[in-house]
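To keep things clear, I will list the structure first and then write my remarks on it.
What you see is a predicted model; the values in this text were computed from it and never measured.
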There are 2 protein chains.
Amino acid sequence: MVDVAEFPGNGPIRLTCKDCSLAELCLPRGVSPDDMGRFETMVDQRPPLSRDEPLYRTGDRFTALYAVKSGSLKTLVSTQDGENQITGFYLPGELFGFDGFDDNHSCSAVALERSNVCELPLDSIEELSSNIPSLRRELDRLMARQINSDQSMLLLLSRRSADERLATFLVSLSMRFQQRGFSANEFRLSMSRHDIANYLGLAAETVSRLFKRLKESKIASVNGRTIIVHDFDALRDGIDGCAGSLPERNLA
Amino acid sequence: MVDVAEFPGNGPIRLTCKDCSLAELCLPRGVSPDDMGRFETMVDQRPPLSRDEPLYRTGDRFTALYAVKSGSLKTLVSTQDGENQITGFYLPGELFGFDGFDDNHSCSAVALERSNVCELPLDSIEELSSNIPSLRRELDRLMARQINSDQSMLLLLSRRSADERLATFLVSLSMRFQQRGFSANEFRLSMSRHDIANYLGLAAETVSRLFKRLKESKIASVNGRTIIVHDFDALRDGIDGCAGSLPERNLA
DNA sequence: TTAGCAACTTGATGTAGATCAAGAAGGGGC
DNA sequence: GCCCCTTCTTGATCTACATCAAGTTGCTAA
(Lines give C-alpha, C1' and ligand atoms only; values in the text may rest on other atoms or scores of the structure.)
Protein backbone atom coordinates (compact mmCIF):
# COMPACT_ATOMS: atom_id res chain seq x y z
CA MET A 1 0.00 0.00 0.00
CA VAL A 2 1.33 3.36 -1.02
CA ASP A 3 1.22 6.29 1.36
CA VAL A 4 1.00 9.76 -0.10
CA ALA A 5 3.38 11.17 2.49
CA GLU A 6 6.43 11.10 0.22
CA PHE A 7 6.36 11.60 -3.50
CA PRO A 8 8.72 9.21 -5.32
CA GLY A 9 9.71 11.63 -8.03
CA ASN A 10 9.61 9.33 -11.01
CA GLY A 11 6.19 10.23 -12.36
CA PRO A 12 5.60 11.79 -15.76
CA ILE A 13 5.55 15.39 -14.53
CA ARG A 14 7.21 18.52 -15.54
CA LEU A 15 9.56 20.89 -13.70
CA THR A 16 12.81 20.60 -11.88
CA CYS A 17 13.67 22.17 -8.57
CA LYS A 18 17.21 22.38 -7.38
CA ASP A 19 16.57 21.17 -3.82
CA CYS A 20 13.76 18.79 -4.61
CA SER A 21 13.64 15.07 -4.96
CA LEU A 22 10.95 15.84 -7.56
CA ALA A 23 12.29 15.13 -11.00
CA GLU A 24 10.15 17.53 -12.98
CA LEU A 25 7.07 19.37 -12.04
CA CYS A 26 5.58 22.00 -14.28
CA LEU A 27 7.66 23.03 -17.27
CA PRO A 28 5.99 22.09 -20.52
CA ARG A 29 7.52 19.51 -22.79
CA GLY A 30 9.65 20.85 -25.60
CA VAL A 31 11.55 23.29 -23.40
CA SER A 32 15.31 23.35 -23.96
CA PRO A 33 17.64 21.96 -21.28
CA ASP A 34 19.10 25.44 -21.09
CA ASP A 35 15.79 27.06 -20.12
CA MET A 36 15.18 24.16 -17.78
CA GLY A 37 18.42 24.93 -15.98
CA ARG A 38 17.50 28.60 -15.61
CA PHE A 39 14.14 27.59 -14.18
CA GLU A 40 15.68 25.29 -11.61
CA THR A 41 17.50 28.10 -9.94
CA MET A 42 14.26 29.98 -9.45
CA VAL A 43 12.44 27.40 -7.43
CA ASP A 44 12.84 27.58 -3.67
CA GLN A 45 11.92 25.00 -1.14
CA ARG A 46 9.99 26.30 1.85
CA PRO A 47 10.44 25.18 5.44
CA PRO A 48 8.21 22.17 6.18
CA LEU A 49 4.66 22.91 7.25
CA SER A 50 3.15 21.09 10.21
CA ARG A 51 -0.46 19.91 10.39
CA ASP A 52 -3.01 22.77 10.27
CA GLU A 53 -0.29 25.32 9.57
CA PRO A 54 -1.27 27.88 6.93
CA LEU A 55 0.97 28.50 3.93
CA TYR A 56 -0.91 31.67 3.07
CA ARG A 57 -4.14 33.28 4.22
CA THR A 58 -7.00 35.11 2.53
CA GLY A 59 -5.87 38.63 1.78
CA ASP A 60 -2.15 37.87 1.79
CA ARG A 61 -0.22 39.49 -0.99
CA PHE A 62 0.29 37.13 -3.92
CA THR A 63 4.00 36.46 -4.32
CA ALA A 64 4.31 32.92 -5.61
CA LEU A 65 2.72 29.73 -6.85
CA TYR A 66 3.37 26.53 -4.92
CA ALA A 67 3.99 22.90 -5.78
CA VAL A 68 3.40 20.10 -3.29
CA LYS A 69 6.58 18.10 -2.73
CA SER A 70 5.27 15.84 0.02
CA GLY A 71 2.20 15.74 2.23
CA SER A 72 -1.01 17.49 1.21
CA LEU A 73 -2.86 20.76 1.62
CA LYS A 74 -6.35 22.20 1.36
CA THR A 75 -7.50 25.63 0.20
CA LEU A 76 -10.55 27.28 1.72
CA VAL A 77 -12.64 30.41 1.40
CA SER A 78 -14.13 31.96 4.52
CA THR A 79 -16.98 34.25 5.45
CA GLN A 80 -17.14 36.99 8.07
CA ASP A 81 -19.14 34.75 10.38
CA GLY A 82 -16.29 32.26 10.45
CA GLU A 83 -17.73 29.66 8.14
CA ASN A 84 -15.38 27.92 5.72
CA GLN A 85 -15.74 26.16 2.43
CA ILE A 86 -12.91 23.93 1.30
CA THR A 87 -12.29 24.62 -2.38
CA GLY A 88 -9.64 22.02 -3.10
CA PHE A 89 -7.16 19.41 -1.89
CA TYR A 90 -3.63 19.29 -3.30
CA LEU A 91 -1.52 16.16 -3.54
CA PRO A 92 2.20 15.67 -4.19
CA GLY A 93 3.19 16.95 -7.61
CA GLU A 94 0.27 19.36 -7.91
CA LEU A 95 0.54 23.11 -8.38
CA PHE A 96 -1.73 25.62 -6.66
CA GLY A 97 -2.10 29.24 -5.63
CA PHE A 98 -3.80 30.63 -8.74
CA ASP A 99 -6.44 32.21 -6.52
CA GLY A 100 -3.87 34.91 -5.82
CA PHE A 101 -3.35 36.18 -9.36
CA ASP A 102 -5.69 39.07 -8.68
CA ASP A 103 -2.98 40.60 -6.43
CA ASN A 104 -4.18 39.09 -3.16
CA HIS A 105 -5.08 35.55 -2.24
CA SER A 106 -8.81 34.93 -2.04
CA CYS A 107 -8.29 31.60 -0.27
CA SER A 108 -6.23 30.32 2.60
CA ALA A 109 -3.98 27.30 2.06
CA VAL A 110 -3.49 24.98 5.05
CA ALA A 111 -1.43 21.80 5.44
CA LEU A 112 -3.44 18.64 6.15
CA GLU A 113 -0.37 16.91 7.54
CA ARG A 114 3.35 17.57 7.73
CA SER A 115 4.11 18.81 4.23
CA ASN A 116 6.84 20.23 2.05
CA VAL A 117 6.15 22.70 -0.70
CA CYS A 118 8.27 24.43 -3.32
CA GLU A 119 7.76 28.05 -4.15
CA LEU A 120 7.76 29.54 -7.65
CA PRO A 121 8.12 33.29 -7.06
CA LEU A 122 5.87 35.51 -9.15
CA ASP A 123 8.82 37.59 -10.40
CA SER A 124 10.52 34.50 -11.74
CA ILE A 125 7.33 33.23 -13.30
CA GLU A 126 6.78 36.52 -15.09
CA GLU A 127 10.33 36.94 -16.24
CA LEU A 128 10.68 33.39 -17.44
CA SER A 129 7.26 33.11 -19.03
CA SER A 130 7.84 36.27 -21.03
CA ASN A 131 10.89 34.53 -22.50
CA ILE A 132 9.29 31.12 -22.96
CA PRO A 133 5.92 31.45 -24.67
CA SER A 134 5.12 27.78 -24.14
CA LEU A 135 5.47 28.24 -20.38
CA ARG A 136 3.15 31.21 -20.53
CA ARG A 137 0.64 29.09 -22.44
CA GLU A 138 1.04 26.28 -19.92
CA LEU A 139 0.24 28.59 -17.02
CA ASP A 140 -2.88 29.76 -18.84
CA ARG A 141 -3.89 26.13 -19.23
CA LEU A 142 -3.39 25.45 -15.56
CA MET A 143 -5.55 28.44 -14.61
CA ALA A 144 -8.21 27.34 -17.08
CA ARG A 145 -8.16 23.87 -15.52
CA GLN A 146 -8.69 25.44 -12.14
CA ILE A 147 -11.72 27.24 -13.57
CA ASN A 148 -13.02 24.05 -15.16
CA SER A 149 -12.50 22.10 -12.00
CA ASP A 150 -14.34 24.69 -9.90
CA GLN A 151 -17.22 24.76 -12.38
CA SER A 152 -17.49 20.97 -12.31
CA MET A 153 -17.75 21.28 -8.55
CA LEU A 154 -20.62 23.71 -8.97
CA LEU A 155 -22.47 21.08 -10.94
CA LEU A 156 -21.59 18.40 -8.41
CA LEU A 157 -22.76 20.47 -5.44
CA SER A 158 -26.01 21.66 -6.88
CA ARG A 159 -27.25 18.78 -9.00
CA ARG A 160 -25.89 15.58 -7.45
CA SER A 161 -26.95 13.46 -4.50
CA ALA A 162 -24.71 12.76 -1.53
CA ASP A 163 -23.60 9.34 -2.80
CA GLU A 164 -22.84 10.68 -6.27
CA ARG A 165 -20.72 13.40 -4.70
CA LEU A 166 -18.68 10.99 -2.64
CA ALA A 167 -18.26 8.56 -5.54
CA THR A 168 -17.09 11.40 -7.79
CA PHE A 169 -14.65 12.54 -5.14
CA LEU A 170 -13.18 9.07 -4.70
CA VAL A 171 -12.87 8.43 -8.42
CA SER A 172 -11.21 11.79 -8.89
CA LEU A 173 -8.74 11.19 -6.06
CA SER A 174 -8.00 7.75 -7.42
CA MET A 175 -7.25 9.11 -10.89
CA ARG A 176 -4.97 11.75 -9.47
CA PHE A 177 -3.04 9.13 -7.47
CA GLN A 178 -2.76 6.89 -10.50
CA GLN A 179 -1.54 9.74 -12.67
CA ARG A 180 1.41 10.18 -10.30
CA GLY A 181 2.38 6.54 -10.17
CA PHE A 182 0.51 5.55 -7.02
CA SER A 183 -2.06 2.79 -6.79
CA ALA A 184 -5.48 3.76 -8.10
CA ASN A 185 -7.24 1.22 -5.89
CA GLU A 186 -5.61 1.63 -2.54
CA PHE A 187 -4.77 4.94 -0.94
CA ARG A 188 -4.79 6.91 2.24
CA LEU A 189 -7.11 9.89 2.74
CA SER A 190 -5.09 12.65 4.34
CA MET A 191 -8.20 14.68 5.16
CA SER A 192 -10.75 14.11 7.93
CA ARG A 193 -14.35 13.07 7.36
CA HIS A 194 -15.25 16.57 8.35
CA ASP A 195 -13.04 18.03 5.59
CA ILE A 196 -14.47 15.65 3.00
CA ALA A 197 -17.97 16.60 4.10
CA ASN A 198 -17.20 20.29 3.97
CA TYR A 199 -15.68 19.99 0.49
CA LEU A 200 -18.71 18.05 -0.77
CA GLY A 201 -21.30 20.25 0.93
CA LEU A 202 -22.45 17.49 3.30
CA ALA A 203 -22.46 16.74 7.03
CA ALA A 204 -19.63 14.60 8.41
CA GLU A 205 -22.21 12.07 9.66
CA THR A 206 -23.51 11.66 6.13
CA VAL A 207 -20.03 10.92 4.81
CA SER A 208 -19.57 8.34 7.53
CA ARG A 209 -22.84 6.64 6.64
CA LEU A 210 -21.94 6.64 2.93
CA PHE A 211 -18.61 4.95 3.66
CA LYS A 212 -20.53 2.35 5.63
CA ARG A 213 -22.75 1.71 2.62
CA LEU A 214 -19.72 1.35 0.34
CA LYS A 215 -18.38 -1.29 2.73
CA GLU A 216 -21.72 -3.13 2.98
CA SER A 217 -22.11 -3.26 -0.77
CA LYS A 218 -18.50 -4.53 -1.11
CA ILE A 219 -17.61 -1.66 -3.41
CA ALA A 220 -14.74 -0.57 -1.19
CA SER A 221 -13.03 -1.37 2.09
CA VAL A 222 -12.79 1.64 4.33
CA ASN A 223 -10.72 1.37 7.46
CA GLY A 224 -10.18 4.70 9.11
CA ARG A 225 -8.44 6.79 6.49
CA THR A 226 -7.28 3.87 4.39
CA ILE A 227 -9.43 3.03 1.42
CA ILE A 228 -9.34 0.08 -1.00
CA VAL A 229 -11.61 0.26 -3.99
CA HIS A 230 -12.79 -3.23 -4.98
CA ASP A 231 -15.36 -2.43 -7.61
CA PHE A 232 -14.31 0.59 -9.59
CA ASP A 233 -17.09 0.20 -12.14
CA ALA A 234 -19.77 0.19 -9.47
CA LEU A 235 -18.26 3.36 -8.05
CA ARG A 236 -18.25 5.00 -11.46
CA ASP A 237 -21.77 3.81 -12.16
CA GLY A 238 -22.92 5.62 -9.07
CA ILE A 239 -21.85 8.82 -10.72
CA ASP A 240 -24.41 8.43 -13.48
CA GLY A 241 -23.24 10.11 -16.59
CA CYS A 242 -21.12 12.88 -15.16
CA ALA A 243 -17.79 11.07 -15.47
CA GLY A 244 -16.76 13.54 -18.11
CA SER A 245 -17.08 16.44 -15.77
CA LEU A 246 -15.06 15.11 -12.86
CA PRO A 247 -12.97 17.70 -11.11
CA GLU A 248 -9.85 16.03 -12.47
CA ARG A 249 -7.80 19.04 -11.61
CA ASN A 250 -4.80 18.06 -13.69
CA LEU A 251 -2.81 20.73 -11.96
CA ALA A 252 0.76 20.12 -13.10
CA MET B 1 -36.36 52.41 -15.50
CA VAL B 2 -33.22 51.31 -17.27
CA ASP B 3 -33.22 48.31 -19.54
CA VAL B 4 -30.01 46.35 -19.96
CA ALA B 5 -30.69 45.77 -23.63
CA GLU B 6 -28.33 48.44 -24.87
CA PHE B 7 -25.12 49.45 -23.19
CA PRO B 8 -24.61 53.22 -23.18
CA GLY B 9 -20.85 53.08 -23.57
CA ASN B 10 -19.86 55.83 -21.22
CA GLY B 11 -18.88 53.75 -18.20
CA PRO B 12 -15.39 53.67 -16.76
CA ILE B 13 -14.25 50.61 -18.68
CA ARG B 14 -11.34 49.72 -20.79
CA LEU B 15 -10.99 48.65 -24.42
CA THR B 16 -11.96 50.08 -27.74
CA CYS B 17 -13.46 48.22 -30.63
CA LYS B 18 -13.56 49.68 -34.08
CA ASP B 19 -17.20 48.86 -34.83
CA CYS B 20 -18.53 49.18 -31.30
CA SER B 21 -20.47 51.86 -29.59
CA LEU B 22 -18.57 50.73 -26.51
CA ALA B 23 -15.98 53.32 -25.62
CA GLU B 24 -13.47 51.13 -23.89
CA LEU B 25 -13.74 47.66 -22.65
CA CYS B 26 -10.73 45.77 -21.36
CA LEU B 27 -7.39 47.43 -21.87
CA PRO B 28 -5.77 48.36 -18.59
CA ARG B 29 -5.22 51.96 -17.64
CA GLY B 30 -1.82 53.36 -18.43
CA VAL B 31 -1.67 51.95 -21.94
CA SER B 32 -0.42 54.34 -24.60
CA PRO B 33 -2.86 55.68 -27.23
CA ASP B 34 -0.64 54.00 -29.76
CA ASP B 35 -1.10 50.53 -28.30
CA MET B 36 -4.76 51.30 -27.88
CA GLY B 37 -5.04 51.97 -31.58
CA ARG B 38 -3.37 48.69 -32.45
CA PHE B 39 -5.73 46.89 -30.17
CA GLU B 40 -8.79 48.45 -31.76
CA THR B 41 -8.09 46.89 -35.09
CA MET B 42 -8.00 43.45 -33.53
CA VAL B 43 -11.50 43.42 -32.14
CA ASP B 44 -14.26 42.09 -34.36
CA GLN B 45 -17.96 42.37 -33.94
CA ARG B 46 -19.88 39.14 -34.40
CA PRO B 47 -23.26 38.80 -36.08
CA PRO B 48 -26.06 39.34 -33.57
CA LEU B 49 -27.17 36.29 -31.59
CA SER B 50 -30.85 35.55 -31.16
CA ARG B 51 -32.41 34.18 -28.00
CA ASP B 52 -31.11 30.69 -27.04
CA GLU B 53 -28.52 30.77 -29.80
CA PRO B 54 -25.15 29.40 -28.74
CA LEU B 55 -21.99 31.45 -29.25
CA TYR B 56 -19.82 28.43 -28.58
CA ARG B 57 -20.40 24.93 -27.22
CA THR B 58 -18.58 22.60 -24.87
CA GLY B 59 -15.66 21.07 -26.72
CA ASP B 60 -15.38 23.80 -29.35
CA ARG B 61 -11.85 24.88 -30.10
CA PHE B 62 -10.89 27.97 -28.15
CA THR B 63 -10.24 30.80 -30.58
CA ALA B 64 -11.28 34.00 -28.83
CA LEU B 65 -12.52 35.79 -25.76
CA TYR B 66 -15.80 37.68 -25.99
CA ALA B 67 -17.17 40.94 -24.65
CA VAL B 68 -20.89 41.61 -24.33
CA LYS B 69 -21.88 44.67 -26.31
CA SER B 70 -25.64 44.45 -25.78
CA GLY B 71 -28.01 41.83 -24.44
CA SER B 72 -26.82 39.11 -22.09
CA LEU B 73 -25.56 35.53 -22.12
CA LYS B 74 -25.20 32.54 -19.84
CA THR B 75 -22.48 29.90 -19.69
CA LEU B 76 -23.29 26.34 -18.69
CA VAL B 77 -21.61 23.00 -18.11
CA SER B 78 -23.41 19.80 -19.09
CA THR B 79 -23.37 16.14 -18.22
CA GLN B 80 -23.79 13.09 -20.46
CA ASP B 81 -27.32 12.61 -19.17
CA GLY B 82 -28.28 16.04 -20.45
CA GLU B 83 -28.33 17.91 -17.16
CA ASN B 84 -27.00 21.46 -17.15
CA GLN B 85 -25.56 23.76 -14.57
CA ILE B 86 -25.44 27.45 -15.36
CA THR B 87 -22.04 28.77 -14.29
CA GLY B 88 -22.50 32.45 -15.00
CA PHE B 89 -24.49 35.28 -16.51
CA TYR B 90 -22.76 38.00 -18.53
CA LEU B 91 -24.01 41.55 -18.85
CA PRO B 92 -23.06 44.36 -21.24
CA GLY B 93 -19.45 45.38 -20.83
CA GLU B 94 -18.36 42.05 -19.33
CA LEU B 95 -15.70 39.77 -20.76
CA PHE B 96 -16.01 35.97 -20.80
CA GLY B 97 -14.73 32.80 -22.40
CA PHE B 98 -11.82 32.01 -20.09
CA ASP B 99 -13.13 28.48 -19.74
CA GLY B 100 -11.54 27.80 -23.11
CA PHE B 101 -7.94 28.58 -22.25
CA ASP B 102 -7.21 24.89 -21.89
CA ASP B 103 -7.52 24.56 -25.71
CA ASN B 104 -11.21 23.65 -25.79
CA HIS B 105 -14.20 25.27 -24.19
CA SER B 106 -15.47 23.43 -21.13
CA CYS B 107 -18.74 25.40 -21.14
CA SER B 108 -21.32 26.42 -23.67
CA ALA B 109 -22.25 30.10 -23.99
CA VAL B 110 -25.85 30.87 -24.95
CA ALA B 111 -27.65 34.17 -25.52
CA LEU B 112 -30.47 34.93 -23.09
CA GLU B 113 -31.98 37.45 -25.51
CA ARG B 114 -30.99 39.12 -28.75
CA SER B 115 -27.36 40.04 -28.10
CA ASN B 116 -24.28 41.49 -29.71
CA VAL B 117 -20.80 40.41 -28.75
CA CYS B 118 -17.32 41.46 -29.79
CA GLU B 119 -14.62 38.93 -30.37
CA LEU B 120 -11.00 39.23 -29.23
CA PRO B 121 -9.16 36.57 -31.23
CA LEU B 122 -6.67 34.46 -29.28
CA ASP B 123 -3.87 35.22 -31.75
CA SER B 124 -4.31 38.94 -31.24
CA ILE B 125 -4.49 38.55 -27.49
CA GLU B 126 -1.27 36.58 -27.42
CA GLU B 127 0.60 38.84 -29.81
CA LEU B 128 -0.48 42.00 -28.09
CA SER B 129 -0.10 40.78 -24.54
CA SER B 130 3.44 39.67 -25.22
CA ASN B 131 4.17 43.28 -26.21
CA ILE B 132 2.19 44.92 -23.43
CA PRO B 133 3.03 43.34 -20.07
CA SER B 134 0.27 45.25 -18.31
CA LEU B 135 -2.30 43.70 -20.64
CA ARG B 136 -0.89 40.27 -19.89
CA ARG B 137 -1.17 41.01 -16.16
CA GLU B 138 -4.72 42.26 -16.63
CA LEU B 139 -5.76 39.04 -18.33
CA ASP B 140 -4.28 37.07 -15.45
CA ARG B 141 -6.33 39.17 -13.07
CA LEU B 142 -9.50 38.52 -15.02
CA MET B 143 -8.90 34.78 -14.96
CA ALA B 144 -8.17 34.94 -11.24
CA ARG B 145 -11.43 36.80 -10.71
CA GLN B 146 -13.24 34.08 -12.57
CA ILE B 147 -11.66 31.55 -10.19
CA ASN B 148 -12.58 33.64 -7.15
CA SER B 149 -16.09 34.11 -8.38
CA ASP B 150 -16.55 30.38 -8.98
CA GLN B 151 -15.16 29.57 -5.55
CA SER B 152 -17.52 32.06 -3.91
CA MET B 153 -20.32 30.24 -5.68
CA LEU B 154 -19.12 26.96 -4.18
CA LEU B 155 -19.53 28.48 -0.74
CA LEU B 156 -22.90 29.92 -1.65
CA LEU B 157 -24.21 26.63 -3.01
CA SER B 158 -23.05 24.40 -0.22
CA ARG B 159 -23.37 26.52 2.92
CA ARG B 160 -26.19 28.99 2.31
CA SER B 161 -29.96 28.74 2.49
CA ALA B 162 -32.23 29.40 -0.46
CA ASP B 163 -33.06 32.96 0.63
CA GLU B 164 -29.42 33.82 1.22
CA ARG B 165 -28.59 32.55 -2.24
CA LEU B 166 -31.23 34.66 -3.92
CA ALA B 167 -30.31 37.74 -1.88
CA THR B 168 -26.64 37.30 -2.77
CA PHE B 169 -27.54 36.93 -6.43
CA LEU B 170 -29.66 40.08 -6.46
CA VAL B 171 -27.07 42.16 -4.60
CA SER B 172 -24.38 40.95 -6.95
CA LEU B 173 -26.45 41.74 -10.05
CA SER B 174 -27.29 45.14 -8.63
CA MET B 175 -23.63 45.96 -8.04
CA ARG B 176 -22.72 44.92 -11.53
CA PHE B 177 -25.43 47.12 -13.01
CA GLN B 178 -24.36 50.04 -10.87
CA GLN B 179 -20.72 49.60 -11.86
CA ARG B 180 -21.73 50.12 -15.47
CA GLY B 181 -23.81 53.19 -14.89
CA PHE B 182 -27.22 51.58 -14.60
CA SER B 183 -29.55 51.92 -11.63
CA ALA B 184 -28.63 49.70 -8.71
CA ASN B 185 -32.22 49.58 -7.46
CA GLU B 186 -34.25 48.98 -10.54
CA PHE B 187 -33.35 46.53 -13.27
CA ARG B 188 -34.67 43.89 -15.57
CA LEU B 189 -33.75 40.23 -15.18
CA SER B 190 -32.93 38.86 -18.60
CA MET B 191 -32.99 35.28 -17.37
CA SER B 192 -36.01 33.09 -16.54
CA ARG B 193 -36.92 31.90 -13.05
CA HIS B 194 -35.75 28.51 -14.18
CA ASP B 195 -32.31 29.87 -15.10
CA ILE B 196 -31.99 31.70 -11.79
CA ALA B 197 -32.98 28.53 -9.95
CA ASN B 198 -30.53 26.43 -11.92
CA TYR B 199 -27.71 28.88 -11.28
CA LEU B 200 -28.47 28.93 -7.55
CA GLY B 201 -29.02 25.18 -7.22
CA LEU B 202 -32.73 25.54 -6.45
CA ALA B 203 -36.09 24.63 -7.99
CA ALA B 204 -37.87 27.28 -10.04
CA GLU B 205 -40.86 27.04 -7.67
CA THR B 206 -38.62 27.93 -4.75
CA VAL B 207 -37.32 31.02 -6.53
CA SER B 208 -40.88 32.06 -7.26
CA ARG B 209 -41.84 31.67 -3.60
CA LEU B 210 -38.78 33.62 -2.48
CA PHE B 211 -39.68 36.51 -4.77
CA LYS B 212 -43.14 36.44 -3.24
CA ARG B 213 -41.62 36.75 0.23
CA LEU B 214 -39.46 39.67 -0.88
CA LYS B 215 -42.63 41.40 -2.07
CA GLU B 216 -44.58 40.61 1.11
CA SER B 217 -41.80 41.93 3.33
CA LYS B 218 -41.60 45.09 1.17
CA ILE B 219 -37.90 44.49 0.50
CA ALA B 220 -38.42 44.58 -3.25
CA SER B 221 -41.12 44.90 -5.89
CA VAL B 222 -41.04 42.07 -8.35
CA ASN B 223 -43.20 42.30 -11.41
CA GLY B 224 -42.39 39.62 -13.92
CA ARG B 225 -38.77 40.17 -14.78
CA THR B 226 -38.64 43.73 -13.53
CA ILE B 227 -37.27 44.20 -10.06
CA ILE B 228 -37.11 47.26 -7.81
CA VAL B 229 -35.13 46.94 -4.61
CA HIS B 230 -36.68 49.09 -1.86
CA ASP B 231 -34.65 48.01 1.14
CA PHE B 232 -31.13 47.26 0.12
CA ASP B 233 -29.93 46.89 3.68
CA ALA B 234 -32.54 44.27 4.47
CA LEU B 235 -31.46 42.38 1.37
CA ARG B 236 -27.83 42.56 2.40
CA ASP B 237 -28.70 41.56 5.96
CA GLY B 238 -30.25 38.41 4.63
CA ILE B 239 -26.84 37.44 3.37
CA ASP B 240 -25.46 37.27 6.88
CA GLY B 241 -21.79 37.97 6.87
CA CYS B 242 -20.85 36.75 3.45
CA ALA B 243 -20.99 40.12 1.72
CA GLY B 244 -17.23 39.99 1.27
CA SER B 245 -17.43 36.85 -0.77
CA LEU B 246 -20.05 37.88 -3.26
CA PRO B 247 -19.46 36.63 -6.78
CA GLU B 248 -18.75 40.17 -7.87
CA ARG B 249 -17.29 38.94 -11.09
CA ASN B 250 -15.63 42.18 -12.06
CA LEU B 251 -15.05 40.81 -15.50
CA ALA B 252 -13.77 43.75 -17.50
C1' DT C 1 0.15 1.05 30.21
C1' DT C 2 -3.41 4.21 30.64
C1' DA C 3 -5.64 8.87 30.53
C1' DG C 4 -7.49 12.37 27.74
C1' DC C 5 -9.22 14.15 23.38
C1' DA C 6 -10.24 14.39 18.90
C1' DA C 7 -12.11 11.82 15.13
C1' DC C 8 -15.40 8.79 13.85
C1' DT C 9 -19.77 6.01 13.97
C1' DT C 10 -24.53 5.06 14.63
C1' DG C 11 -29.32 5.96 15.70
C1' DA C 12 -33.53 9.06 16.30
C1' DT C 13 -35.73 13.06 14.85
C1' DG C 14 -36.59 17.39 12.27
C1' DT C 15 -36.94 20.37 8.23
C1' DA C 16 -35.71 22.99 4.06
C1' DG C 17 -36.61 22.66 -0.13
C1' DA C 18 -37.79 19.23 -4.06
C1' DT C 19 -41.40 17.32 -6.54
C1' DC C 20 -46.01 16.86 -8.18
C1' DA C 21 -50.11 18.97 -9.79
C1' DA C 22 -53.10 22.76 -11.35
C1' DG C 23 -53.99 27.17 -12.62
C1' DA C 24 -52.94 32.03 -14.00
C1' DA C 25 -50.56 35.31 -16.47
C1' DG C 26 -47.79 37.05 -20.13
C1' DG C 27 -46.43 37.81 -24.87
C1' DG C 28 -45.70 36.87 -29.73
C1' DG C 29 -47.99 35.93 -34.09
C1' DC C 30 -51.77 36.61 -37.05
C1' DG D 1 -58.51 41.60 -30.89
C1' DC D 2 -57.71 36.53 -29.75
C1' DC D 3 -55.16 32.18 -29.67
C1' DC D 4 -51.48 29.30 -28.32
C1' DC D 5 -47.63 28.30 -25.78
C1' DT D 6 -44.31 29.28 -22.57
C1' DT D 7 -43.31 31.09 -18.12
C1' DC D 8 -44.68 31.82 -13.72
C1' DT D 9 -47.31 31.11 -9.41
C1' DT D 10 -49.41 28.71 -5.67
C1' DG D 11 -50.67 24.80 -2.85
C1' DA D 12 -50.03 19.86 -1.04
C1' DT D 13 -47.01 16.33 -0.19
C1' DC D 14 -42.65 13.91 0.25
C1' DT D 15 -37.78 12.96 1.17
C1' DA D 16 -32.80 13.42 1.41
C1' DC D 17 -30.00 15.07 4.32
C1' DA D 18 -29.03 17.98 8.47
C1' DT D 19 -29.05 18.15 13.23
C1' DC D 20 -28.94 16.39 17.77
C1' DA D 21 -27.38 13.02 20.93
C1' DA D 22 -24.80 9.12 22.58
C1' DG D 23 -21.50 6.10 22.23
C1' DT D 24 -16.91 4.07 20.29
C1' DT D 25 -12.49 4.06 18.41
C1' DG D 26 -7.97 5.41 18.07
C1' DC D 27 -4.13 8.69 18.52
C1' DT D 28 -0.70 11.09 21.47
C1' DA D 29 1.69 11.73 25.31
C1' DA D 30 3.53 10.84 29.82
At 4.0 Å (heavy atoms only), tell me whether [X] reaches a base, stays on the sugar-phosphate, or touches nothing.
X	result
A/Arg225	sugar-phosphate
B/Ala203	base
A/Arg165	nothing
B/Ser192	sugar-phosphate

Closest non-hydrogen contact found for A/Arg193 with A/Val222 is NH2-CG1, 3.8 Å
Integer-rounded Å distance: [N] [atom2] and [X] [atom1]:
X	N	atom1	atom2	value
A/Leu157	D/dC17	CG	C1'	14 Å
B/Arg159	D/dC17	CZ	C1'	13 Å
A/His194	C/dA7	NE2	C1'	11 Å
A/Asn198	D/dT19	CG	C1'	16 Å
B/Met191	D/dC8	CE	C1'	16 Å
B/Arg114	C/dG28	CZ	P	14 Å
B/Leu189	D/dC8	CG	C1'	13 Å
B/Asn223	D/dT9	CG	P	10 Å

Is a donor-acceptor contact shorter than 3.5 angstrom present between the side chain of B/Glu205 and the base of C/dC20? yes
### Query
Between the base of C/dT19 and the side chain of B/Arg209, is there any donor-acceptor pair under 3.5 Å?
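Side chain to base: pair found, below 3.5 Å.
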NZ/NE/NH1/NH2 to OD/OE distance under 4.0 Å, [X] and [Y]:
X	Y	answer
B/Glu119	B/Arg46	yes
A/Asp195	A/Lys74	yes
B/Arg160	A/Glu83	yes
B/Glu94	B/Arg176	yes

Q: Could you check A/Leu65 against A/Phe62 for side-chain contact (heavy atoms from CB on, under 4.5 Å), going step by step and ending with a plain yes or no?
A: CA-CA 8 Å; A/Leu65 293 176; A/Phe62 173 55; 4.0 Å; yes
Check: Quick one: do the A/Gln178 and A/Ser183 side chains pair a donor with an acceptor below 3.5 Å?
Finding: no
Of B/Thr206 and A/Thr206, the one whose nearest nucleotide on DNA chain D sits closer to the 5' end is B/Thr206
Among the nucleotides D/dC20, D/dA18, D/dT9, which one has an atom lying closest to any side-chain atom of B/Ser208?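 For the B/Ser208 side chain, the nearest candidate turns out to be D/dT9.
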The side chain of A/Arg193 is closest to which nucleotide in this list: D/dT7, C/dG17, C/dC8?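 That would be C/dC8.
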Could you walk me through whether A/Leu166 and A/Leu214 pass side-chain contact (heavy atoms from CB on, under 4.5 Å), step by step?
-> CA-CA 10 Å; A/Leu166 187 64; A/Leu214 286 179; 4.3 Å; yes
| task | Would you tell me if any nitrogen or oxygen in the side chain of A/Arg51 comes within less than 4.0 Å of OP1 or OP2 on C/dA7? | result | yes
Margin query: Just to be sure I understand the geometry, which residues of residues 211-220 of chain B put a non-hydrogen atom under 4.0 Å away from DNA chain C?
Written below: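 Heavy-atom contacts with DNA chain C come from no residue of residues 211-220 of chain B; none.
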